[in-house]
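One structure below.
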Amino acid sequence: MPIFTFREPGWSPMQEMESLQRRMSRLFEDTFGPVSALWRPGVYPLVNISEDHDFLYVRAELPGINPQELEITVHEGNLILRGERKIAGEEKDVNYHRRERESGYFRRVLSLPTRVAPDKVQASYKEGILTVKLGKPEEIKPRVIKVKSE
Amino acid sequence: MTEKELKPKAKEEVPAKVERVRPGLVFLPAVDIFETPEALTLVADMPGVPNDKVTIDIKDNHLVISGEISPLLGEGETMLLQEYRTGDYQREFHLGANIDQARIEANMKDGVLRLLLPKAEKAKPRKIEVKVG
């Protein structure tokens with residue numbers, strides 16, 4: 001694989017740099033596994049996205065949330081997750097030793113890696129994990145193409 | 001108080017002291033611990049842990065809470081993007097000697113464990129009257 005390809009005229013150093021960067025990250029991924037497996041700061045809630053033949057799954061850890069407080073929208077290839085995590089106040093006479101759990105609101109937009117059928121979206125909440133199951137439209141599902149012999 | 005916007009946090013792994021039999025990562029759950037004159041309450045976030053996979057172990061005032069998660073992916077699923085890591089949870093606390101271990105109550109709902117640790121009679125604070133005389 002050539003690292004540099006000089007295209008004259010109209011050669012753009014910026015484009016070459018970007019292309020080089022893409023190739024370097026591909027080389028890195030091939031060697032050390034996908035970069036996406038590494039944690040990087042994002043927007044709350046952090047999500048894991050997976051797929052199978054028919055669906056795309058978006059999961060987020062949202063422990064102790066009232067599912068009524070969640071608002072899930074699919075709009076033009078984006079998934080919007082909004083909601084609020086409330087931690088009920090304890091009685092006045094309590095004294096805290098630790099207070100690590102946080103409450104607050106969140107609003108996140110995710111662009112989905114594939115097209116989805118907006119009428120085939122389901123959301124469920126179990127054991128503190130939100131799962132949004134998004135159906136893939138028929139035309140993007142992988143198909144096995146048989147080779148005919150003559 | 002709830003007007004705050006939530007920020008993502010990386011999970012903190014449990015410092016390994018001994019090797020575990022079950023493979024995978026172990027994280028420290030975020031906890032709230034508060035005290036009233038009658039009891040100590042511990043609330044821990046353990047998303048992904050089913051109700052029957054929580055273990056609470058108390059020995060010599062040493063409290064260990066742990067939870068095992070179910071497999072993250074369903075059959076035939078492949079991961080496309082992973083922003084958070086998944087694994088079991090475990091955290092240990094040293095309790096004061098004043099917990100009535102027979103009356104401990106635990107409740108797990110929506111990935112949140114709530115543990116009520118009632119204080120033993122003798123440990124409840126008493127108001128001491130100062131005699132004037």
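Hydrogens, waters and symmetry mates are skipped; everything else that's a heavy atom, side chains included, is used. A, B, ... follow the sequence lines: proteins, then strands. Residue 1 opens every chain.
- For Leu40(B), the part lying near chain A is the side chain, with the backbone staying farther off; criterion is any non-hydrogen pair under 4.5 Å.
- Counting all heavy atoms, side chain and backbone alike, Val54(B) lies closest to Met108(B) at CG2-SD, 3.6 Å.
- Options Arg91(B), Lys109(B), Met46(B), Glu75(B) differ in how many heavy-atom pairs under 4.5 Å they form with chain A, and the most are formed by Arg91(B).
- In terms of heavy atoms, Ala39(B) sits closest to Leu116(B) at CB-CD1, 3.9 Å.
- In terms of modelled atom types and a separation under 3.5 Å, the side chain of Asn66(A) and the main chain of Gln68(A) share a donor-acceptor contact.
- In this structure, Asn78(A) contributes its side chain and Leu112(A) its backbone to no donor-acceptor pair below 3.5 Å.
- In this structure, the side chain of Glu69(A) does not engage the main chain of Glu84(A) through any donor-acceptor pair within 3.5 Å.
- Looking only at heavy-atom pairs under 4.5 Å with chain B, the residue among Arg107(A), Arg108(A), Lys126(A) that has the most is Arg108(A).
- Counting heavy-atom pairs closer than 4.5 Å to chain A, the top residue among Gly111(B), Pro47(B), Ala30(B) is Pro47(B).
- Close approach to chain B, defined as a heavy atom under 4.5 Å from one of its heavy atoms, is seen in Leu56(A), Tyr57(A), Arg59(A), Ala60(A), Glu61(A), Pro63(A), Gly64(A), Ile65(A) of residues 54-65 of chain A, taken by number.
- Remark: Lys11(B) is positioned above the aromatic ring of Phe27(B), its terminal NZ or CZ atom under 6.0 angstrom from the ring centre and at most 45 degrees off the axis.
- Applying the salt bridge (Lys or Arg N to Asp or Glu O under 4.0 Å) test to residues at least two apart or on different chains, the pairs with a partner in residues 64-73 of chain B are Arg22(B)-Glu68(B).
- Taking each heavy atom of Ala106(B) and Leu115(B) in turn, the nearest pair found is CB-CD1, 3.5 Å.
- When heavy atoms are compared at a cutoff of 4.5 Å, Val31(B) approaches chain A by way of both its backbone and its side chain.
- Judged by distance alone, the side chains of Gln90(B) and Ser66(B) never bring a donor and an acceptor atom under 3.5 Å apart.
- For Ser70(B), the part lying near chain A is the side chain, with the backbone staying farther off; criterion is any non-hydrogen pair under 4.5 Å.
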